[in-house]
Structure formats: structure tokens, C-alpha cells
Protein chains: 2
Amino acid sequence: MAQKPSIPKGTRDFSPSEVNKRNYIFDVVKKHFQTYGFQPIETPSFENSETLMGKYGDEGDRLIFKILNSGDFLNKVNDALYATKDSSAITSKISEKALRYDLTVPFARYVVMHQNEIDFPFKRYQIQPVWRADRPQKGRFREFFQCDADVVGSDSLLQEVELVQLYDAVFTDLKLEGVTIKLNNRKILAGIAEVIGERDKLIDFTVALDKLDKIGIDGVSKEMREKGISDAAIEKAAPLFALSGSNLEQLSVLSELLRDSEEGSKGVGELRFIIETLEELGLQSANLRIDVTLARGLNYYTGAIFEVAAPEGVSMGSIGGGGRYDDLTGIFGLKDVSGVGISFGLDRIYLVLEELGLFPETIDQSLQVLCVNFGEKEALTSLKLVHQLRRAGIKCDLYPSSAKMQKQMKYANNRNVPFVVLIGEQELGSNSFVVKDMVKGGQQTYSLDTPELFYQGL
Amino acid sequence: MAQKPSIPKGTRDFSPSEVNKRNYIFDVVKKHFQTYGFQPIETPSFENSETLMGKYGDEGDRLIFKILNSGDFLNKVNDALYATKDSSAITSKISEKALRYDLTVPFARYVVMHQNEIDFPFKRYQIQPVWRADRPQKGRFREFFQCDADVVGSDSLLQEVELVQLYDAVFTDLKLEGVTIKLNNRKILAGIAEVIGERDKLIDFTVALDKLDKIGIDGVSKEMREKGISDAAIEKAAPLFALSGSNLEQLSVLSELLRDSEEGSKGVGELRFIIETLEELGLQSANLRIDVTLARGLNYYTGAIFEVAAPEGVSMGSIGGGGRYDDLTGIFGLKDVSGVGISFGLDRIYLVLEELGLFPETIDQSLQVLCVNFGEKEALTSLKLVHQLRRAGIKCDLYPSSAKMQKQMKYANNRNVPFVVLIGEQELGSNSFVVKDMVKGGQQTYSLDTPELFYQGL
């Protein structure tokens, strides 16, 4: 009995329409990556396990998909270990490879392995799938694409400036106007923790602060107190709760608050440079906003932190993010490689474009012209015309069999074809073809000697 | 101590230049897939094991990469089975998913699962990586891309005609002129075996016949005899050894040889239709040649068989192949879906284009313009120009720091940049910029008010 097929949970088939829409986003992103001087690399889907393990914390390690060794893999497990039946201990003996969990660690490995071929500063982009054994849920998949651009080997703040411009260029081109690019700096967060005297509660502090919009000043203060942050500290931090106004106004509040922290002041200076330069250069459609509650990747980032929010009114988590890190490649033995990068959240951007109806109308037009098939002799003449149209770059097809007209027209409708070409016996006799306009209605006759009169208008 | 990183054997990192070249091939192929009316789908990288296992023979099953279950996977193995330490028997208990081995089985699964959304005939293309635990060797990898186009739900021979045209269109567009598209038909092979009275030795017969070029008539006869094919049969098959001349001449020899075999005659008729129609339509640069020794995928194909050979003088195995199959989806419970498909061998096409120097010259030009960085103030003005160029679609960059001129020029050279822009103090004063032509030498000054006078020529 035949199997009833299914796919693993957390994975997806993509239909033609979905692939076309995804590629539309990728193509726009790639175009701008390239005009910004980024170059593509690709790394293998699986890495040696030791490349990945231990890089994402214990929880990350658990979520990495491991690949079973080939052949008699149990043979390599000694009997004493085998007797324990300890899955965790036995894993490393029966699995030496694992699917990549993100693009960052493979990129770090790439930079170290290829350091002698690379011209630094190295601006690379990478758009490939990653895999995580996460519990699947709405919007969270076990296989999904990441889309990253990073510059390594330059500590110039101009990189941060450019990355904001790049976000602006991509979202403007996608017609997704009005996104908000939120900016913060790890040094500002550290400075705040220092100034209020709670250096080691930095994470608790920012997690609580991040909820300001949702639970208000009282809620945030309460949570901070529960986490053991002193009343004195919370009072000192009060200016942060009221941070508002323009970016430049916020910068002066921060500058004042952090004037006794060297690190904090440095962070304010960096933020100021990025913001002032961008005000000078201008953005096309994105908003730029300081957000000191932005603490993503806090263990990782050392300078600027970015996050992109969808335009107001669209309820969606962040559609992009990134930041500066000081030591990407140290884990693989190459010290002092500073970098800064951003990523685009493909799946969420897709949902936002879908919700706002921003995909181009022609995206589902996988066929521009369909020729009806009236039989062998007519089909041969049709094929000649089809061939001419294809050579002119028109997406065109001949219905493969001389099925009933009704069936062929139904197929044309289902495939959303704007023009149907008819070459029947009569047209064969008069060396002509008829074009039915499926959108506006009506039809027109052309000579087979001058098909360009038809297709040049497409 | 830091790890010295490496990648799993049989896998590859792709550098920017390699990714650009690979994408160049993919883009050409995709363009023609689309003008021929094919639509893209994508399927997950891993499938449920039962979807893949048993579809590729025992050897195939062994080469499928299995993914280890998450969590305490050994817990699901009962003690009696565990005690056997039998890797093969335990595999299915600790692994439920596997990386796809090709694109055909996932496509069959897709068609069955999505049959109610698909408008048949369904022309799909799919370009995705596959994985095989093969022993790596020169030109054989454990991760590689397949690139397939198939039509299912139509038994019209016009599909075969179109697929040959599609090969011709792609290779012509890649400037790879003079490829040979070899054509055969499974029914002809079956007819031959029938006529010479060796029906069940069909595979031995064709394997031997396939060596005609290399070992000559005597060698082939010897091998056939060793495989137990009778002298009488070999004598009857003699016309095949001498098959030469034009396709139409070969067709008459075959037609005569196979006149007593119904199946064989049907095969000759199909081949004749395809060849005559293509002679009528014409090919741009490919040669079309009957090759009755072509027996690829013999267990699988039921009608036409295709294979593409690189132009003469290039020593390379086939760079593409395909054929018609009668029952793609039967294994998943959907009967009577006939299909025909072709594939492109990306890695080999890449090597051929490289060998013949056919990649476009501009492919390694990842940056068209580099602005030298003379310091903060100059950089700001440079950034404005860079931004204008980027908005015009020019791949452009500002060197991120005001490093020594020599270092910046070396970077420009290494990245193969054709134009370097200089905005120093003097240019700032005169509101101008200097463009150095790195290819032809010489330089020219433009006003910052009319940068289009420079970039419109790019």
C-alpha cells in the first residue's frame, strides 16, 4: 500500500507563488547588498560538530540538528559507554557533523580559514537556510533562511552609518515605507549600569526597562526592585524613563546622565556621530530612533545595536537587527577582528508585505502568453511562434495537447495568463494569429510574419 | 586554546567569485526555465525518513544522511534491540528524518500532497542542494546543487521537443556552443533486446554497447559474450554497431531492425517525431544526435532518454540529462502521472565554462567604484557621492578609514575596481571629484553638482 506522504513538522514546501515572492525579497536585498559593496559567500549546510557546539550556550547546543555517522556507527562506541545508554554522552561518538544553526559561526570559521585570500575590510553577505530543533509554532520554523551582511576588519563608525542607509535603501525599494530603525549602543547600557551602581545587574535592568511601553514606569520599577536593583539606583535611572523628544534631545539627556562614566560617554559619542552623519546624509523613507531599551544580543554586541520595526499599525516583531562585535573570530584563533553586521528577517518581511499588499502585481504572472493547441499541424506553427516569443524573453507556452477548448481556457485562467493566442485552421490558412486579451477582454489579429507587433508591447 | 577550523570532507566553501559564477549559471538557467513556462518550487532540506528510504536501492539508502532525533533519543530503543548494538536496525529508532538525496522523490511527494492546488500539466523547476554520503573524490561532493525541470501530467511528445529546445537555449545563452544533445528511447532498447532474443539481458547489452567508442566492435562483442549473450544475438545486433550517418539515416536502420517489435517500432516513431519536429523548428547552437547506447536511468525511464555532452575537445562527463518516466508519483499513491524532465549538471557546467573562459569578464567586478578616504570631512562629502552612485545602481564603496593612500590603492587593485574616486582637501574646496581610470590609466575631474556626467557612462 502506498505511503500517505507528509513533511517533518516545522518545515515547509514552497509553492511557485511563494517562491516567487521570497525571491522577490531576496533579489531586492541582494541588489542593495551589492551596490553597497558586499560580496556573497556560501558555506556548507553541515559543519564539523566541534565548529558549532559550545557557541550558542547549552540551550543552543540542544537545538542543533546532529547528523548520524554513516556505516556501522555504533561500532565506534566502546562497550562501557554504550552500557550507560546515555544519549548525551554517546552523541559525540555517533555523530561528527551538524546542520548549521546560524550564519555567524560559519562566517567566523570562513574568515579564519580564508584569511590569506581575503582583502580586509571584508564586506560579505550570505543568504542561506539554517536549522534549529526548536519546538515549531506559528512563525517559528525548524528550517528558515537567514540573510546577513557583515563588515569585518574595520572599526570605522562609517560602517554603522552605511548599514542604516542599507536598511533604508532595501525597505524603500520594497515599498515598505515608514519602518523604524532603532539604535542603541552597548556602551550606553554599560554606562547606565555603572552610573546607577548596578554593574552586574545590567541584563535584569535592561530586560525590565524594555517593558516600559507595556507596563509603565511603576511596573518597570517594581520588576527592577524584584530583581534586587536598589531604590537609589532606580531613582538615578529616572531620566531614562522619561526619555523623549528628538534623537538629539535624547542624546543630551544621556550625555548628562552618563557624564561620569567613561564608557557611557564613549557610547553617547558613537551614537551621536552615527545620528548626526545620517541627518546630514538623509534617509529615504525610514525613521531613525534612539532606543536605550534595545538590548538584543547583549552578550555578543560591544558597540552599536540595531533593530528594525515594521511600520506603525503592523503588529510584527522586529524585521531586522544587528550590531557591532569586537571579537568574531577569536574562538577560531584569529584575534582582533572587529565587525558589524545586520540581518533581514525574511519570513516576517514576507508576512508584512503580504499584509500590506506590497508584492508587485505581476509576481503571480508566471506565464504571459498561452497558445491554445488545436492539433498537430496547428501546434507546429504555434510552437514556432512560441519559440520566437521565448527568444524575446516572454514567458510563453503551448498547451501540450489538443484538449477541449474549454479545458485549455480554464488552464489559462487558473494560471492567470493575460494573453491567449489562437492559431486554428483558419489562422493557418491566412498566416495569422489571434490574441485574446484575458484582462480587458477583446481580441486582435496579427500576421505571423510580424509577431513583434504583438510581443513588443508586453 | 582555539580550535583550528576545518569543514567536513566532501563539502565546500564558496568564495565571492565562485558564488558569482555559480549564480551566473543559475540565473541563465532560471531565465529560460521561466520563458519556457516552468514554475519554481522548493521543498525542505530534510524529509521524513520513510519518504526517502527504499527509493534509491540499497546502495542509495546507505548514502542518505540521517538526522539524529533530539533529546534522549536512546530512550526510544528497547533494551533487547539496544543489546544487539546493530547500527542498521537501531537507525530507524534514533533517526526519523534524513537529508534529501535528490530532487525527484521530494518532487513526487510534493505533487501528491499538493495535487488539489496544482493545475496540470505542471511544469516545475527546482534548484536546491542535495546530500549524499558518497566517498568524496575529484568532482564528487557530499553536498551539491541539483537543477531540475520536469513536466508532469502530459504525455505529449511536444514536451520532449521543448526540453531539447530548452537545453539549446540555455547553453547558447551561456555561450557554450556546440554541445551535443544525445537522444534515445527506452522502447528502442527494449525492442532491440526483444529482436535479438535477449530480453532479460537488456542492461548487460546496453552497458557493453555503450563502450563501442572505447573498445571497438570486437571488445563489445567479447564483453557481450562474457555476459552470456548468444553469438546469434550479437550477430542480429550487428547493424547497431555500424549505426552512422544522419539522424534520419539512423532512424531508417533502426526502423528496419525493429520492424518486428511493436515496442521498438513505437520507440522509433517517438524518436522520429521529436527529431523531425526539431529539424523543422531549428536549434540555435546545439547538435542533436541519436545515440542508442544511451542507457542512463534505465530502470526509471520509460520513453525518451536525453544526455548532453560538452563541446568536442572538452573532456568532461555529461553536463545534463533526463528522460520520460511513466509513474513518478505511484509510490505515494497517485497513479498515472506521466512526466518528463531534464537536469543541468551545475558543477560540471561551471568547470567547462571556466576551462573555456566563458564567464563574463565583469563577473569578478564586485565593486565598480571605490572612493579613497582622506579623513572625516572629506569622507562625509565622499559618502554623499557614494550614496548618489548607489542609488543609480552602481556598486560603490568608500574606504572605511583614512588609511595611507598606498594601502587604499592596493585594496582597490585587489578588488579589481575599475574606477577610483578622489575627494581630498583641494577637491572639497573646488566642489569637485577626481576619477582615476584604473584600467586605461589617466584621470578626469567632475563637478560634485553633476556626478551623473561620470556615472551615466558606467
Side-chain angles (χ1 to χ4, degrees), chain A residues 2-3 5-8 11 13-16 19 34-37 39-46 48 50-51 65-68 70 72-74 85 87 95 97 109-110 112-113 119 121 129 133 143 154 156 158-159 281 331-333 366-367 383-384 387 390 393 395 397 400-401 411 414-415, chain B residues 2-3 5-8 11 13-16 19 34-37 39-46 48 50-51 65-68 70 72-74 85 87 95 97 109-110 112-113 119 121 129 133 143 154 156 158-159 281 331-333 366-367 383-384 387 390 393 395 397 400-401 411 414-415:
Chain A
Q3 301 167 355
S6 64
I7 55 175
T11 68
D13 280 332
F14 295 107
S15 67
V19 175
Q34 288 169 11
T35 59
Y36 277 72
Q39 300 185 83
I41 68 162
E42 289 180 6
T43 62
S45 296
F46 47 72
N48 292 321
E50 63 262 31
T51 300
F65 279 113
K66 285 104 188 163
I67 293 172
L68 201 53
S70 302
D72 184 9
F73 54 89
L74 290 176
K85 214 178 170 179
S87 296
S95 163
K97 291 183 286 290
R109 178 202 48 72
Y110 179 96
V112 174
M113 281 181 68
D119 303 306
E143 172 175 46
S154 163
S156 164
L158 292 177
Q159 305 300 352
L281 294 168
I331 38 170
F332 298 118
S366 58
L367 204 56
L383 259 191
K384 286 182 190 165
H387 193 218
R390 285 173 176 165
K395 295 173 195 163
D397 221 341
S401 68
Y411 178 83
N414 289 347
R415 284 210 50 188
Chain B
Q3 302 167 354
S6 63
I7 55 175
T11 68
D13 279 333
F14 295 107
S15 68
V19 175
Q34 288 171 9
T35 58
Y36 276 73
Q39 301 186 82
I41 69 161
E42 290 181 6
T43 62
S45 296
F46 47 73
N48 291 321
E50 63 261 31
T51 299
F65 278 113
K66 284 102 187 163
I67 294 172
L68 200 53
S70 302
D72 184 9
F73 54 90
L74 290 177
K85 214 177 169 180
S87 296
S95 163
K97 291 183 285 290
R109 179 202 48 73
Y110 179 95
V112 174
M113 280 181 69
D119 302 306
E143 173 175 45
S154 162
S156 164
L158 292 176
Q159 305 299 353
L281 293 168
I331 38 171
F332 298 118
S366 58
L367 203 55
L383 259 191
K384 286 182 190 166
H387 194 218
R390 285 173 176 165
K395 295 174 194 162
D397 221 341
S401 68
Y411 178 84
N414 288 347
R415 285 209 51 187

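Quantities reported herein were computed from a predicted structural model and do not represent experimental measurements. Below, chains carry the letters A, B, ... as their sequence lines are ordered, and counting in each starts from 1.
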Which atoms of Gln159(B) come close to chain A, meaning under 4.5 Å heavy atom to heavy atom: side chain ones, backbone ones, both, or neither?
side chain

What option among Thr11(A), Asp119(A), Leu158(A), Ile67(A) has the most heavy-atom pairs under 4.5 Å with chain B?
Asp119(A)

Proximal component of Glu143(B), with respect to chain A [non-hydrogen, under 4.5 Å]:
side chain

With a 4.5 angstrom heavy-atom cut-off, could you sort out which part of Ser70(A) is near chain B: side chain, backbone, both or neither?
side chain

Which atom names give the shortest non-hydrogen contact between Arg390(B) and Asp397(B), and what distance separates them?
NH2-OD1, 3.1 Å

Non-hydrogen atoms of Pro121(A) and Ser154(A) that approach each other most closely
CB-CB, 3.9 Å

CZ/Phe73(B) to NZ/Lys85(A) distance, rounded to the nearest 0.5 angstrom?
11.0 Å

Taking side-chain contact (heavy atoms from CB on, under 4.5 Å) as the definition, give me every residue that meets it alongside Ser401(A), ordered by chain and number, with sequence neighbours left out.
Tyr399(A), Ala403(A)

Which region of Leu383(A), side chain (C-beta onward) or backbone (N, CA, C, O), has a non-hydrogen atom less than 4.5 Å from a non-hydrogen atom of chain B, or is it both or neither?
both

At a heavy-atom separation under 4.5 Å, does Leu367(B) approach chain A through its side chain, its backbone, both, or neither?
side chain

If you tally heavy-atom pairs under 4.5 Å between each of Gly393(B), Ser366(B), Pro16(B) and chain A, the highest tally belongs to Pro16(B)

For Arg109(B) and Ser6(A) the tightest heavy-atom approach is CD-O, 3.6 Å

To the nearest 0.5 angstrom, please state how far the CD1 atom of Ile7(A) sits from the NZ atom of Lys97(B).
12.0 Å

What part of Ser15(B) lies closer than 4.5 angstrom to a heavy atom of chain A: side chain, backbone, both or neither?
both

Please state whether the side chain, the backbone, both or neither of Tyr411(B) comes within less than 4.5 Å of a heavy atom of chain A.
side chain

According to salt bridge (Lys or Arg N to Asp or Glu O under 4.0 Å), who are the partners of Arg415(B), at least two apart in sequence or on a separate chain?
none

Do you know which of Pro8(A), Gly37(A), Ser156(A) has the most heavy-atom pairs with chain B at a distance under 4.5 angstrom?
Pro8(A)

At a 4.5 Å cut-off on heavy atoms, which part of Thr43(B) comes close to chain A: side chain, backbone, both, or neither?
both

Bottom line for Lys384(B): the part with an atom under 4.5 Å from chain A's heavy atoms is both

Select one option (side chain, backbone, both, neither) describing which atoms of Ser95(B) are under 4.5 Å from chain A's heavy atoms.
side chain

Counting only non-hydrogen atoms closer than 4.5 Å, does Ile41(B) touch chain A with its backbone (N, CA, C, O), its side chain (CB onward), both, or neither?
both

Between atom CZ of Phe332(A) and atom OH of Tyr110(A), what is the distance when rounded to the nearest 0.5 Å?
15.0 Å

